[in-house]
Number of protein chains: 2
Amino acid sequence: MALPRAAKTQRRTRIQEEKEELILEAALEVFATNGFRGSTIDQIADVAGMSKPNLLYYFRTKEAMHRALIERVLDSWLDPLREFDAEGNPVSEIRSYIRRKLEMARDFPRESRLFANEVLQGAPRIEDALMGPLKALVDEKAKVIRTWAKAGKIAKCDPYHLIFAIWATTQHYADFDVQVRAVLGKDRAGEGRFEDAARFLELLFVNGLAVSGPATGGPAA
Amino acid sequence: MALPRAAKTQRRTRIQEEKEELILEAALEVFATNGFRGSTIDQIADVAGMSKPNLLYYFRTKEAMHRALIERVLDSWLDPLREFDAEGNPVSEIRSYIRRKLEMARDFPRESRLFANEVLQGAPRIEDALMGPLKALVDEKAKVIRTWAKAGKIAKCDPYHLIFAIWATTQHYADFDVQVRAVLGKDRAGEGRFEDAARFLELLFVNGLAVSGPATGGPAA
DNA sequence: TGTAATGTTTACCAACCGGTTAAATTATCA
DNA sequence: TGATAATTTAACCGGTTGGTAAACATTACA
């Protein structure tokens with residue numbers, strides 16, 4: 001059997017609830033900044049303020065912590081895409097999806113980096129999630145976007161690459177935060193950067209996906 | 001003194017040239033897929049086909065290997081941005097910048113991941129490069145873009161966030177390759193995905209940056 | 001309050017990891 | 001070819017890492 005001792009108790013206690021919460025919070029912090037292999041149980045224990053063997057009383061292995069963390073975070077991570085509504089106005093749906101993703105990059109950068117680390121290193125521990133639930137959800141929303149494009153409500157484009165572009169541009173502000181701040185410089189690196197980013201991305205995507213080219217040189221409507 | 005023994009020889013030999021090349025190639029492979037802390041000297045030695053002490057004859061520490069690798073790769077990595085020409089046609093400059101970055105993501109994904117890993121984990125070893133040469137180059141090109149925008153050649157937008165968006169969308173195809181392939185599915189995950197991406201990104205940026213809004217509701221010129 | 005269930009700590013281990021030493025081997029060239 | 005410089009290897013070292021065993025402390029509840 002591969003259960004930690006805490007899972008073998010007869011009832012699930014208040015302490016278990018609290019400590020597991022505490023551990024996953026610490027694990028998020030550590031895994032997000034160091035990746036799986038770069039993180040140590042000792043680090044996580046330190047952040048959680050408990051001893052290593054005590055951690056291992058609740059999660060039998062480092063991998064088990066990581067797995068539990070991914071499981072807990074993945075669902076909420078995909079929520080914004082789920083809210084993407086086929087019945088809504090295409091432009092405002094896309095716009096609010098971008099806004100929501102950008103808010104998540106600002107408010108939950110560790111979650112973003114957790115996945116980024118994992119995917120970047122070949123996704124050895126989340127491959128199933130990518131090819132299963134994630135792909136299924138994207139497939140579904142891609143269909144919606146394609147419908148909009150065919151109805152002439154937005155420009156004809158590959159819906160998958162549109163979604164990739166939104167992911168990339170928004171998560172960039174969480175995953176590459178250090179670089180963004182370094183390039184913007186001290187004076188511009190305040191929280192205002194997220195509003196600037198939102199403004200720019202809105203321009204880019206709304207304008208970029210608008211039907212029929214701009215005044216300059218597109219084929220006449 | 002912190003020199004590896006190979007650097008203390010009287011002449012620089014053919015073998016040194018070859019072996020250092022071999023080591024850096026192996027180090028790129030390993031660092032790109034595991035990050036600095038996740039990589040071991042043994043792994044690099046394995047890929048390079050030589051023993052660990054032999055590696056350490058050419059590079060005194062793991063960090064020295066990483067430093068040498070970054071140094072060698074950073075310059076060529078920034079080349080596309082350097083070619084960005086103030087005198088050229090704005091739209092075609094931006095378009096060819098995107099194309100070139102996308103080609104690099106396709107042809108040199110390991111280089112992209114090397115930096116992504118580093119930046120993602122707080123850039124402890126390349127902070128200076130980010131705040132120095134990188135920022136300087138971006139500042140310079142941002143000015144060019146701003147000039148274009150003021151001259152009405154492209155939409156008024158924040159040039160820094162434009163550059164971030166181009167970086168994010170193009171490097172996404174190298175850094176998040178596993179995810180891209182998983183979502184596209186087996187049938188669409190061939191090399192054609194880069195052409196599809198190029199087509200989409202061209203639409204997005206060229207359309208998105210075109211002066212004056214599209215037919216739908218922009219302020220009259 | 002007593003006791004059984006739950007939680008925590010101390011001490012430990014084997015494998016791994018970055019790096020060193022010194023001896024052995026190979027290449028270079030007068 | 002022989003001597004010298006350059007390269008490679010085997011053996012090793014101290015610290016770290018993931019994980020375990022068992023004693024000890026605490027909590028919950030009858």
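Lettering of chains follows the sequences in order, A, B, ..., and the numbering in each one begins at 1.
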With nearest nucleotides of DNA chain C determined for Leu55(A) and Gln43(B) from heavy-atom distances, which residue corresponds to the more 5′ nucleotide?
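It is Leu55(A) whose nearest nucleotide is closer to the 5' end.
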Return whichever of Ile15(B) or Thr40(B) has its heavy-atom-nearest nucleotide of DNA chain C closer to the 5' end.
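Going by which nucleotide is closer to the 5' end, it is Thr40(B).
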Taking the cut-offs as 6.0 angstrom to the six-membered ring centre and 45 degrees off its axis, would you call Arg95(A) and Phe205(A) a cation-pi pair?
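No; the conditions do not both hold, so Arg95(A) does not lie above the ring face of Phe205(A).
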Against the six-membered ring of Trp148(A), is Lys143(A) placed for a cation-pi contact (under 6.0 Å from the centre, within 45° of the normal)?
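That pair does not qualify as a cation-pi contact.
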Of all the nucleotides listed ([options]), which has the minimum atom distance to the side chain of [X]?
{"X": "Tyr58(A)", "options": "dG19(C), dT8(C), dT8(D)", "result": "dT8(C)"}
{"X": "Pro53(B)", "options": "dA10(D), dT27(D), dT6(C)", "result": "dA10(D)"}
{"X": "Thr13(B)", "options": "dT8(C), dA6(D), dG18(D)", "result": "dA6(D)"}
{"X": "Asp42(B)", "options": "dC17(C), dG7(C), dA10(D)", "result": "dC17(C)"}
{"X": "Gln16(B)", "options": "dA6(D), dT8(C), dG19(C)", "result": "dA6(D)"}

Quick one: [X] [atom1] to [N] [atom2], roughly how many Å, whole number?
{"X": "Phe36(A)", "N": "dG18(D)", "atom1": "CZ", "atom2": "P", "value": "8 Å"}
{"X": "Asn54(B)", "N": "dA22(C)", "atom1": "CG", "atom2": "P", "value": "19 Å"}
{"X": "Glu20(B)", "N": "dA6(D)", "atom1": "CD", "atom2": "P", "value": "14 Å"}
{"X": "Met50(A)", "N": "dG7(C)", "atom1": "CE", "atom2": "C1'", "value": "9 Å"}
{"X": "Leu56(B)", "N": "dC17(C)", "atom1": "CG", "atom2": "P", "value": "14 Å"}
{"X": "Ile41(A)", "N": "dC16(C)", "atom1": "CD1", "atom2": "P", "value": "15 Å"}
{"X": "Tyr57(A)", "N": "dT27(D)", "atom1": "OH", "atom2": "C1'", "value": "11 Å"}
{"X": "Phe31(A)", "N": "dG18(D)", "atom1": "CZ", "atom2": "C1'", "value": "12 Å"}

Asp139(A)-Tyr160(A) side chain donor-acceptor pair, cut-off 3.5 Å
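Looking only at side-chain atoms, Tyr160(A) and Asp139(A) do form a donor-acceptor pair, the distance falling under 3.5 Å.
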Kindly say if [X] contacts the phosphate of [N], meaning a side-chain N or O under 4.0 Å from OP1 or OP2.
{"X": "Lys19(A)", "N": "dT8(C)", "answer": "yes"}
{"X": "Arg37(A)", "N": "dC17(C)", "answer": "yes"}
{"X": "Arg14(B)", "N": "dT28(C)", "answer": "yes"}

With Leu28(A) as reference, evaluate Thr33(A), Ile23(A), Val47(A), Leu114(A) under the side chain to side chain contact (heavy atoms under 4.5 Å, CB included) test and give the passing residue.
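Looking at Thr33(A), Ile23(A), Val47(A), Leu114(A), the match for Leu28(A) under the side chain to side chain contact (heavy atoms under 4.5 Å, CB included) is Leu114(A).
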For the residue pair Trp167(A) and Tyr173(A), is the inter-centroid distance of their aromatic rings smaller than 6.0 Å?
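So the answer is no for these two rings.
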How would you label the contact of Ser51(A) with the nucleic acid (heavy atoms, under 4.0 Å): base, sugar-phosphate, or nothing?
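Base contact - Ser51(A) has a heavy atom under 4.0 Å of at least one base atom.
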Base, sugar-phosphate or nothing for Arg12(A)? Non-hydrogen atoms, less than 4.0 Å.
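Nothing, no heavy atom under 4.0 Å.
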Donor-acceptor pair under 3.5 Å, Lys52(A) side chain vs dG18(D) base
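Indeed there is one.
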Tell me which donor-acceptor pairs under 3.5 Å the side chains of residues 65-75 of chain A have, and how far apart each pair is, sequence neighbours excluded?
from, atom 1, to, atom 2, distance (Å)
Arg72(A), NH2, Glu21(A), OE1, 2.8
Asp75(A), OD1, Arg82(A), NH2, 3.4

